[in-house]
Colleague: 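Before I ask anything, here is the structure I am working with.
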Amino acid sequence: MTATPGGGWDATASPALDHDAREDLQLLIDASPVFTLRFQDGSVTEVTAEHSGDVNQLRLSATPGADADL
């Protein structure tokens, strides 16, 4: 993940997801694009995930009103 201006993140799957994993992730995003990010330091935040045709490349943005202490 790489932080972006404006408080979001660009996330790239590495290694790239296989066909089944891409389909599963697409189903999850279609059902609800809101996910909980958990960082190594123990902090968490809710984000909305979106992609532009490739679920290996996601743009994550903090969900409005997200509580960093979930």
Colleague: Among residues at least two apart in sequence or on other chains, which ones pass side chain to side chain contact (heavy atoms under 4.5 Å, CB included) with Thr4?
Modeller: Asp10, Arg59
Colleague: I need the full list of salt bridge (charged side-chain N to carboxylate O under 4.0 Å, His left out) pairs touching residues 15-24, with sequence neighbours left out, sorted by first then second residue.
Modeller: none
Colleague: Report whether Phe39 and Leu58 are members of the same hydrophobic cluster (ILVMFWY, side-chain heavy atoms less than 4.5 Å apart, transitive linking).
Modeller: yes
Colleague: Restricting to side-chain hydrogen bond (donor to acceptor under 3.5 Å, both in side chains), what partner residues turn up for Asn56, sequence neighbours left out?
Modeller: Asp54
Colleague: Indicate, with yes or no, if Val47 and Leu28 share a hydrophobic cluster defined by side-chain heavy-atom contacts under 4.5 Å among Ile, Leu, Val, Met, Phe, Trp and Tyr.
Modeller: yes
Colleague: Under the side-chain hydrogen bond (donor to acceptor under 3.5 Å, both in side chains) test, which residues partner Gln26, sequence neighbours left out?
Modeller: Asp30, His51
Colleague: Ser61: which residues meet the side-chain hydrogen bond (donor to acceptor under 3.5 Å, both in side chains) condition with it, sequence neighbours left out?
Modeller: none
Colleague: Evaluate Thr12 against Thr2 for side chain to side chain contact (heavy atoms under 4.5 Å, CB included), listing each step before the verdict.
Modeller: CA-CA 9 Å; Thr12 302; Thr2 305; over 6 Å; no
Colleague: Excluding sequence neighbours, so at least two apart, what forms side-chain hydrogen bond (donor to acceptor under 3.5 Å, both in side chains) with Asp41?
Modeller: Ser43
Colleague: Any chain of hydrophobic side-chain contacts (each under 4.5 Å) joining Phe35 to Met1?
Modeller: yes
Colleague: Could you go through Trp9 and Thr45, starting from their C-alpha distance and side-chain angles, then the distance that decides it, and tell me whether this counts as side chain to side chain contact (heavy atoms under 4.5 Å, CB included)?
Modeller: CA-CA 12 Å; Trp9 300 271; Thr45 191; 4.0 Å; yes
Colleague: Go through the side-chain N and O atoms of Thr36 and Glu46 and say whether any donor and acceptor fall under 3.5 Å apart.
Modeller: no
